[in-house]
Amino acid sequence: MVESFSQRVYDVVRRIPEGKVATYGQVAALAGAPRSARFVGFALHSNPEPGVIPCHRVVFRDGSLAPGFAFGGPEVQRELLENEGVVFVPPSESAGEAAGADGWRVDLRRCQWDA
DNA sequence: GGGTTGACCACGA
DNA sequence: ATCGTGGCCAACC
């Protein structure tokens with residue numbers, strides 16, 4: 001009756017409050033696998049319950065979103081997060097445009113989920 | 001049933 | 001400071 005790691009990941013992601021974002025590593029750690037951040041992305045890619053699991057609230061350690069992300073468009077994701085109160089910062093505000101999602105990154109300093 | 005890959009992160013040089 | 005490799009777990013072929 002051990003719940004699969006992926007199942008636990010979904011549970012953690014589901015707990016992420018609105019206006020907050022969690023990193024894959026953080027979700028992985030909360031799921032019980034601090035070194036399995038990779039699988040977290042896999043589990044979310046599986047997205048067994050679309051609409052229930054806010055995968056868009058899960059971002060990279062850098063604060064950038066996953067490349068190849070497909071909710072309908074990366075720009076949609078930015079709007080979704082902004083709509084929830086997540087603060088985005090342009091690459092100009094931060095040295096390093098080598099980030100995904102048009103270079104827009106989430107301000108983890110303010111919006112990273114504090115479990 | 002076994003091998004490989006995968007929305008990553010941390011450490012070593 | 002940056003670049004490269006390892007590691008973790010599970011699903012896919």
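Chain A is the first sequence line, chain B the second, and so forth, proteins listed ahead of strands; every chain is numbered from 1.
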A.B. asks: Specify the separation, in whole Å, of atom CG of A:Leu44 and atom C1' of C:dA10.
C.D. replies: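 Going from CG in A:Leu44 over to C1' in C:dA10 covers 13 Å.
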A.B. asks: Give the rounded distance in Å between these two atoms: CZ of A:Arg8 and P of C:dC8.
C.D. replies: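 The distance from CZ of A:Arg8 to P of C:dC8 comes to 17 Å, rounded to the nearest Å.
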A.B. asks: Polar pairs (N or O, both sides) under 3.5 Å between protein and nucleotides 5-7 of chain C?
C.D. replies:
residue, atom, partner, partner atom, Å
C:dG7, O6, A:Arg38, NH1, 2.5

A.B. asks: A:Tyr24 side chain: which of B:dC8, C:dA10, B:dG6 is closest?
C.D. replies: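 For the A:Tyr24 side chain, the nearest candidate turns out to be B:dC8.
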A.B. asks: Can you list everything that forms a side-chain contact (heavy atoms from CB on, under 4.5 Å) with A:Phe42? Sequence neighbours excluded, please.
C.D. replies: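 For A:Phe42, the residues satisfying side-chain contact (heavy atoms from CB on, under 4.5 Å) (neighbours in sequence not counted) are A:Phe39.
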A.B. asks: Is there any protein nitrogen or oxygen under 3.5 Å from a nitrogen or oxygen in nucleotides 2-4 of chain C, and what are the pairs?
C.D. replies:
none

A.B. asks: Can you tell me how far P of B:dG6 sits from CZ of A:Phe60, to the nearest Å?
C.D. replies: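 In whole Å, B:dG6 P and A:Phe60 CZ are 14 Å from each other.
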A.B. asks: Check each residue of residues 106-115 of chain A for a non-hydrogen atom within less than 4.0 Å of any atom in DNA chain B, then write out the ones that pass by number, or none.
C.D. replies: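 Residues of residues 106-115 of chain A under 4.0 Å from DNA chain B: none.
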A.B. asks: Looking at B:dA10, C:dA10, B:dA7, which one has an atom nearest to any side-chain atom of A:His45?
C.D. replies: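 Given the options B:dA10, C:dA10, B:dA7, the side chain of A:His45 is closest to B:dA7.
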A.B. asks: Extract all donor-acceptor atom pairs below 3.5 Å that involve side chains of residues 107-115 of chain A and protein atoms in other chains or at least two apart in sequence.
C.D. replies:
residue, atom, partner, partner atom, Å
A:Asp107, OD1, A:Arg109, N, 3.1
A:Asp107, OD1, A:Arg109, NE, 2.9

A.B. asks: B:dC8 P sits how many Å from A:Asp62 CG, rounded?
C.D. replies: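 Whole-Å distance recorded here is 11 Å.
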A.B. asks: The criterion is salt bridge (Lys or Arg N to Asp or Glu O under 4.0 Å); which residues satisfy it with A:Arg15, sequence neighbours excluded?
C.D. replies: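 Per chain and number, A:Arg15 pairs via salt bridge (Lys or Arg N to Asp or Glu O under 4.0 Å) with A:Asp11.
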